[in-house]
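Heads up: the structure comes next, in structure tokens.
Start at 1 and go down the list; that is how both ligands and their atoms are numbered.
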Amino acid sequence: MDSLVIEGGNRLRGSIHINGSKNATLPIMAAALLADGPSLIKGAPHLADISSLINILLELGMTCERLPNGDLALEVTDTKPCHARYDLMRRMRAGICVLGPLLARRKYARVSMPGGCAIGDRPVDIHLRGLRALGAHVELEAGDIVVRADKLVGTEIFLGGNFGSTVTGTANVMSAATLAEGTTVIESAACEPEVVDLANYLNAMGAKITGAGSPRVIIEGVKALTGVPHTVIPDRIEAGTFMIAAAITNGEVQLDNCRFDHLMAAIDKLRSIGIIVERSGNGCTVASARRLEPTSITTQPHPGFPTDLQAQFMALLSLADGNSIITEKIYPDRFLHVAELARLGANLHKEGSTVVIARTKRLIGAPVMASDLRASAALVLAGMAASGTTTVMRVYHIDRGYEKIELRLNSLGAKIKRVDQKELEL
Ligand code: EPZ
């Protein structure tokens, strides 16, 4: 098992290319199950989560080939296998995105119910509510969700929940509705850019979807979809993470291939605390003003402040000149990074789903433990700002969502080594 050993105190400088979006690629790969003929996914990042989904799709009768230029060639060659097994699904929750496409194309699917997650309770009741509304019969058998339907029929579906809309739930229901009879109207659909990217891919294959990116999405069912080439959007959470990396190290970084319009809430907060963020070329530049103002943040569904940048921003605000407040509204328990950041000297007070971040003069390097993808990114950012050495353990979490993160940060001037944990005397 690998760890990252970080020598802190190095300012980041230079330019970085933002990779394709993990959270756009995953539902798009699953939606290729709907298609006749090959699809070519361009810009699909090289990540553990993508490989996990490839393993699931291979067992569902799809060929998946990573071409020398990095493109992902996907094609259904066998429509009989319909079981996404626990052993594969437990590695990656987003595997649930195969449920809607399998049901719509094969009228039957058996998908292991996703289990517990470090960031909190993550039920799929709304996904099932949507598929039932389209006419699916839904059962739970031995930990598997079993859905079947002779045919799917378009209807009006409300997909809102206690924490707002659901991103992969919208992906599942929207994908299934493309092959339903008649028209489906989804109310309270998720508005995330990843949902829009999926709708663009589905429409390019012959679907009739309007309103993606707004809470009201209309899908007119069609008979069939044909595979196409598609380039995924840049990863806005990776971009946000690199923006915060520049800010927390008092650096100056150019981000290439970054969609400014996908990150307005985060950019607004960076600017409000004194970070200079400007559009440039096909991305933006981020420069730190050395003195950080405090602020308050509440995570919300898009276009609000993304929960997937909450931990990284907490690391940054731990160095602000005053008290900040972060309230987590999407995953109220998403705070496993709090205790680890405190080990680096951050002054954090958690009350329910709110954390008060009091000013600390500086962070000091220490061994810390990653617990989930974005928490591990926050620990790496804090380690770069801390004096001395920080060792982040269990970095397999970070490899799920960031490609070769230490090499890319080192290309900007960081000093990070990946080592096998066994070599460490801690
Ligand atoms: C997507 O997860 C992302 N994952 C998550 O990113 C992200 O944190 C999340 O959206 C919110 O932005 C992918 O796209 C693969 P939700 P998803 O369904 O779709 C509740 C990362 O770090 N809910 O929008 O699983 C749920 O518990 C990952 O890359 C229900 O109650 O999230 C949560 O509180 C982590 N019932 C809220 O809704 C349901 O049926 C939003 O969840 C579904 C969701």
**OP:** Kindly tell me which protein residues have any non-hydrogen atom under 4.0 angstrom away from an atom of ligand 1, grouped by chain and ordered by number?
**Re:** K22, N23, A94, I119, D121, R122, P123, V124, D125, I126, H127, F163, S165, T166, V167, T168, T307, D308, I330, Y331, R334, L373, R374
Subject >> Spatial distance of atom CG (L292) from atom CG (L317) [nearest 0.5 Å] >> reply: 7.5 Å
Original post:
Do we see a donor-acceptor contact under 3.5 Å between the side chains of D256 and H17?
Top reply: no
Subject >> D261 and R236 ion-paired at < 4.0 Å >> reply: no
Original post:
Side chains of T307 and E328: do they bring a donor and an acceptor to under 3.5 Å?
Top reply: yes
**OP:** Taking the side chain as every heavy atom from C-beta outward, state whether Y396 and D2 have any atom pair closer than 4.5 Å.
**Re:** no
**OP:** Only pairs at least two apart or in different chains count here, so list each side chain to side chain donor-acceptor pair (under 3.5 Å) that has a residue in residues 106-117.
**Re:** R110-E141, R110-D144
